[in-house]
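Please read the structure below before turning to the comments.
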Amino acid sequence: MAISACPTKAQLKALVSGSMSDAEASGTTEHIGGCTDCQAALESVAISGDSGVAEGGTGGVPSDVPIEDLVGQAVGSLPPTDSAYWKAVAAVSGQFQTQDTPNVDANDTSETLAPSSESDADQSSIPLDPDNTPTIEAASPVALPFLKKSDDPAYIGRLHHFEVSRVIGRGGMGIVLEAFDTHLQRNVAIKVLNPEYAKNDVARQRFCREGRAAAAISHEHVVAMHQVAREDEGEVAFLVMQYIDGVTLEKRLQEQKPLPPNEAARIAMQIAAGLSAAHERDMVHRDIKPANILIERGTERVKLTDFGLARATDDVRLTKTGMVTGTPLYMSPEQATGATADEKSDLFSLGAVLYEMLTGVSAFEAPSIVGVMKRIMDETPKSPAKLNPKIPLPLSELTMALMDKNPARRPESAALVAETLAEIISGFGAVSPLHVPAVAKTAGKTRRSGSHRLVSRNTLRATWAVGLIGVASLCAAIFLATRSDSDGAVQADLGPSFPSTVLAGNPGTVWAVDFDPSGKKVAAAIEDGSVRLWDVASQKVLRSFDAHRGIVWMIQYHPTEPIVATSGNDGMVKLWDSNSLELLQEWDAHSAVRKIAFSPDGRRIVAGDHDGVIHTWDIDSGRPLASVTQPGSIYSVDWSPDGRLIASVGSDKIVRIWDAETLETRQTLLGHEGPIYNVKFAPTGTQVATVGWGKTIRIWDTATGLEERQLEGSSSDNWSVAFCGDGTHAVVASQDGKCRIWDLASGELVTSLSGHESAVHNVSLDPVAHQIATSGRDGTIRVWDLSELKE
Amino acid sequence: MTRATLLLRLRDANDHEAWSDFLRDYGPMLYRFVRSRGLQDADAADIVQDVFRRVGSAIGRLEYDKQKGGFRSWLFTITRNRLYTYFEKRKKAGPTGNDTAQLELLSQAADGRNELSEQWELEHLRSLAAIAMKTVEENSDPKTWSAFRITAVEGRSAAEAAEELSMSTGAIYVAKSRVTARLRAEIERLEKEEES
């Protein structure tokens with residue numbers, strides 16, 4: 001007779017220890033047969049040692065370990081018969097054996113070491129001679145207690161209407177199975193939440209919720225989520241997903257590292273495309289890593305999986321151990337510090353994955369989790385191009401931009417990243433339409449770069465009036481701003497209050513920008529070798545043409561003629577007709593030229609190259625005038641306003657002042673602690689300003705050779721410096737993404753212009769109106785309108 | 001042979017009997033433990049072999065009485081160090097996420113409870129359970145034992161066992177729990193013996 005009420009714990013104890021009366025035991029037993037609660041309670045009494053069979057003591061079996069986990073076939077078995085383990089054991093014992101009784105047959109030794117057949121009935125083919133091991137595929141049953149027996153022997157079990165054919169993998173979160181959906185007649189992948197997590201309600205709910213959210217994403221680069229389900233009786237929660245026949249990127253990288261740059265870019269592009277679809281729905285992945293990126297066999301298509309699931313497991317990991325485990329290698333700095341992960345975190349992780357694909361090394365590898373996190377937060381890895389010059393600079397730059405510590409400075413969106421990568425890939429050659437993913441819409445339309453083409457037939461209206469008046473009025477405006485600041489009416493950081501026109505979508509870092517003489521257009525030197533001419537007011541590209549092989553480092557308008565000069569990484573210095581864009585003149589410096597400068601009369605040009613050579617050329621005749629070599633590489637040169645001096649700076653940390661005619665040394669100015677990136681003569685007087693490695697801006701007097709002033713306030717290295725027309729203010733572009741204006745009389749920081757997402761490389765002043773143009777690594781040019789300051 | 005005796009005898013590299021006992025008792029758990037760190041069969045076997053050799057050369061220096069936690073924790077230290085070296089080497093060849101995670105675990109304090117030490121203890125319990133099963137099986141009614149074997153070892157359902165053994169489902173559960181309790185007691189006994 002079955003008793004209806006559940007037995008107490010004491011009764012269960014008595015039942016297990018056999019101290020219960022037969023009659024009572026029989027009733028209780030019958031009850032247990034039909035009561036799943038009691039079945040579980042009984043097992044827990046038995047394993048916990050509360051049953052009185054054993055004297056309770058310290059140690060022993062933890063009560064939360066199910067007996068199946070100790071004796072199950074899969075867990076406690078001996079190494080498989082074909083395991084190298086048996087050879088290892090034989091080798092060790094053979095070693096002792098030979099020392100002991102050298103004449104004993106090795107076979108005897110191994111026999112005693114290998115398990116005898118009676119000790120484990122399930123291991124039917126234990127080799128007697130380990131060196132002659134039959135290579136029988138050892139049956140490796142996996143404990144899948146949630147599976148029901150399948151009717152079809154071809155399957156290992158059944159879950160709902162899914163016939164499970166094999167275990168694909170095991171991860172921290174659970175087991176992934178390949179199964180056949182008998183209702184819809186298709187293959188699926190089933191992810192079963194680790195029972196350990198399933199016990200945690202919060203984790204299970206999250207798992208299901210994130211699964212449902214992921215089901216809303218439909219994209220060719222996201223593994224489709226079909227169904228979120230729970231096993232009726234047990235505590236098994238599982239997700240049914242599209243089955244992808246392929247390998248994970250983790251596996252791919254184990255086989256081949258690094259990947260060819262075009263392949264890495266393609267994979268990253270497709271990841272970015274998949275992310276853009278999720279981000280559009282406000283879904284953040286949170287755990288972008290090679291193990292979550294699948295590559296489909298045959299098509300090589302990339303598929304993202306495990307959207308948002310990291311969140312479900314974090315709950316458990318945190319509550320269980322007090323810290324997040326797992327690999328932080330691809331974690332963003334904000335995740336490492338425990339802040340909420342957002343879309344920009346996914347972009348960081350994508351950057352870390354791309355970095356590993358390109359370089360073959362993890363960007364933040366360290367011997368410990370804490371070490372990795374510290375590196376993620378504090379260190380910037382060497383750029384991929386630095387590690388391998390064959391990696392195209394745009395790709396390298398993008399990787400580094402993705403891994404910017406500051407989320408605000410990373411590329412704007414996954415969609416933009418996908419588009420940028422598509423452009424980079426098109427540089428490798430034709431892209432199969434199969435590989436160009438659908439991308440969630442971006443704010444701005446992408447403009448693809450290509451070979452020489454006219455974007456607009458509008459020809460340049462050459463208004464070559466030299467606008468020194470304009471520059472002077474800009475200075476006046478700044479002066480007024482300073483005044484109002486001292487009155488307390490204006491905040492010190494005026495940055496956000498200045499309107500700027502953004503010229504975005506350039507195909508890579510814009511290394512230099514210059515206003516045309518009208519002040520209505522800017523010309524941009526871009527790292528993909530092209531030059532773009534933008535109309536500021538309409539924000540349209542008027543012209544775009546390929547100027548150099550490799551990076552265009554500098555672009556500068558001639559002081560009086562309709563000529564524009566460019567210099568590039570290919571060592572060429574070129575003069576173009578700024579109306580027709582005809583090439584007028586070119587010189588070969590034989591190594592990369594990062595900076596050129598016209599003489600004030602416009603008859604000569606100076607260039608400093610990577611090998612430390614300064615060249616001066618006559619523009620009309622094309623004739624070389626003089627040259628001199630200095631140690632290291634030259635990063636910048638400038639011509640003094642009176643035409644008599646040339647300044648050069650570079651990697652050797654010394655500012656050199658030369659006679660412009662003879663290139664004889666006039667001064668060497670010492671003080672910089674690192675490479676100097678830019679040098680600029682003041683428009684009047686004898687001052688020169690230099691910026692570079694380190695935060696300090698230095699002003700020197702070339703007449704005395706003494707340092708006159710240091711300007712502090714920048715929070716990082718500075719790339720470029722310019723003077724306003726009357727020389728009262730200096731404008732500095734910084735690595736920290738800001739452009740700052742200093743009052744040279746007081747040495748005070750007047751304002752800083754914020755807006756660029758990453759390093760600002762160049763700054764140019766509009767000769768006519770109150771405008772400053774800045775360009776930078778984020779591929780944008782910003783034209784700042786400072787005219788409001790006049791009032 | 002008691003554990004203490006075994007350890008004393010292991011000091012003699014030529015004591016074949018002691019060594020084969022040692023390999024029998026600790027080899028499989030070492031192998032399983034090393035595999036649980038994500039190593040392939042061949043690599044795991046190499047490491048197990050290496051650990052055995054180190055035990056052979058270092059056992060003379062083990063002061064058994066003073067070593068807190070006994071021989072097992074000493075063996076754990078050796079194994080952990082060996083694994084650390086392995087992952088370090090792999091990391092240089094080209095690291096994976098697992099390598100980093102493992103190195104982190106391996107470098108945590110030896111006495112701290114973490115996934116690594118828990119896995120180690122679990123593998124040890126599994127080895128003890130395998131020994132205990134023999135004793136318990138000999139002392140159990142065959143039907144009771146079968147109920148346990150089908151459900152706990154083979155992982156089949158209680159209903160199946162009930163049908164196969166012509167018992168009620170409730171009786172299967174009771175039988176399983178009785179054997180479980182006995183096994184637990186036996187494992188505890190073996191553990192005390194090992195530590196004594």
Side-chain angles (χ1 to χ4, degrees), chain A residues 15-18 29-34 39 42-43 45-47 49 51 53-54 57 59-61 65 67-73 75-76 78-79 83-85 87-89 91-93 96-97 99-100 112-113 119 143 145 250 254 257 289 291 325-327 329 360 362 365 367-369 372, chain B residues 13-14 16 19-20 23-24 27-28 31-32 41-42 44-46 48-49 52-53 56 88 91 94-98 100-101 103-104 107 114-115 122 125-127 129-130 133-134 152-155 158 160 168-174 176-178 180-185 187-189 191-192:
Chain A
L15 181 64
V16 170
S17 64
T29 301
E30 210 175 329
H31 170 87
I32 288 165
Q39 288 162 8
L42 187 69
E43 293 201 353
V45 161
I47 196 70
S51 57
V53 173
V61 186
V65 178
I67 189 70
E68 284 83 356
D69 208 14
L70 293 181
V71 301
Q73 276 166 356
V75 295
L78 294 166
S83 168
Y85 169 81
K87 266 186 197 172
V89 167
V92 172
S93 72
F96 299 122
Q97 194 62 35
Q99 288 167 1
D100 185 17
T112 52
L113 294 169
S119 73
E250 186 180 35
Q254 277 165 13
K257 229 179 181 179
K289 60 182 179 189
T325 56
T327 174
L329 276 176
S362 304
E365 189 63 41
S368 70
I369 285 185
V372 171
Chain B
N14 300 324
H16 175 233
W19 274 96
S20 75
L23 296 178
R24 181 200 63 208
Y31 174 82
R32 287 195 304 265
D41 175 67
D46 277 353
V48 169
Q49 185 173 334
F52 288 156
R53 294 219 165 98
E88 276 272 308
K91 198 188 78 180
T96 68
N98 182 47
T100 309
L103 280 171
E104 164 65 15
S107 56
N114 62 16
E115 191 216 316
L122 183 62
L125 283 175
R126 285 169 176 167
S127 281
M133 274 169 76
K134 278 174 230 155
V153 181
E154 293 169 14
E160 269 178 82
S168 74
T169 313
I172 296 289
Y173 277 104
V174 172
K176 182 187 174 191
S177 66
R178 284 184 175 160
T180 300
R182 275 178 219 146
L183 267 177
R184 185 193 187 282
I187 290 170
E188 221 155 82
R189 195 188 64 75
E191 203 169 37
K192 274 193 189 130

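Letters A, B, ... mirror the listed sequences (proteins, then strands); counts begin at 1.
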Part of Ala44(B) within contact of chain A (heavy atom distance under 4.5 Å): neither
Restricting to non-hydrogen atoms, name the atom on Ala84(A) and the atom on Asp41(B) that form the minimum distance, rounded to 0.1 Å. N-OD2, 2.7 Å
Highest number of heavy-atom pairs under 4.5 Å with chain B: which of Val372(A), Thr29(A), Ile32(A)? Thr29(A)
Nearest-0.5 Å distance that lies between atom CD1 in Ile67(A) and atom CD1 in Ile187(B): 5.5 Å
Given Gln39(A), Glu43(A), Glu68(A), the one with more heavy-atom pairs under 4.5 angstrom with chain B than any other is Gln39(A)
Please report the closest heavy-atom contact between Tyr85(A) and Val48(B), naming both atoms and the distance. CE1-CG1, 3.7 Å
Could you look at Ile172(B) and say if it's the side chain, the backbone, both or neither that has a heavy atom under 4.5 Å from chain A? neither
Stepwise side chain to side chain contact (heavy atoms under 4.5 Å, CB included) test for Ile47(A) and Leu183(B): CA-CA 9 Å; Ile47(A) 196 70; Leu183(B) 267 177; over 6 Å; no
Taking Ser168(B), Ala42(B), Ala45(B), Ser127(B) one by one, which has the highest count of heavy-atom pairs under 4.5 Å against chain A? Ala45(B)
Hey, does the side chain of Arg178(B) reach the backbone of Ala46(A) with a donor-acceptor pair shorter than 3.5 angstrom? no
Between Ala158(B), Gly155(B), Gly27(B), Ala129(B), which has the largest tally of heavy atom pairs under 4.5 Å with chain A? Gly27(B)
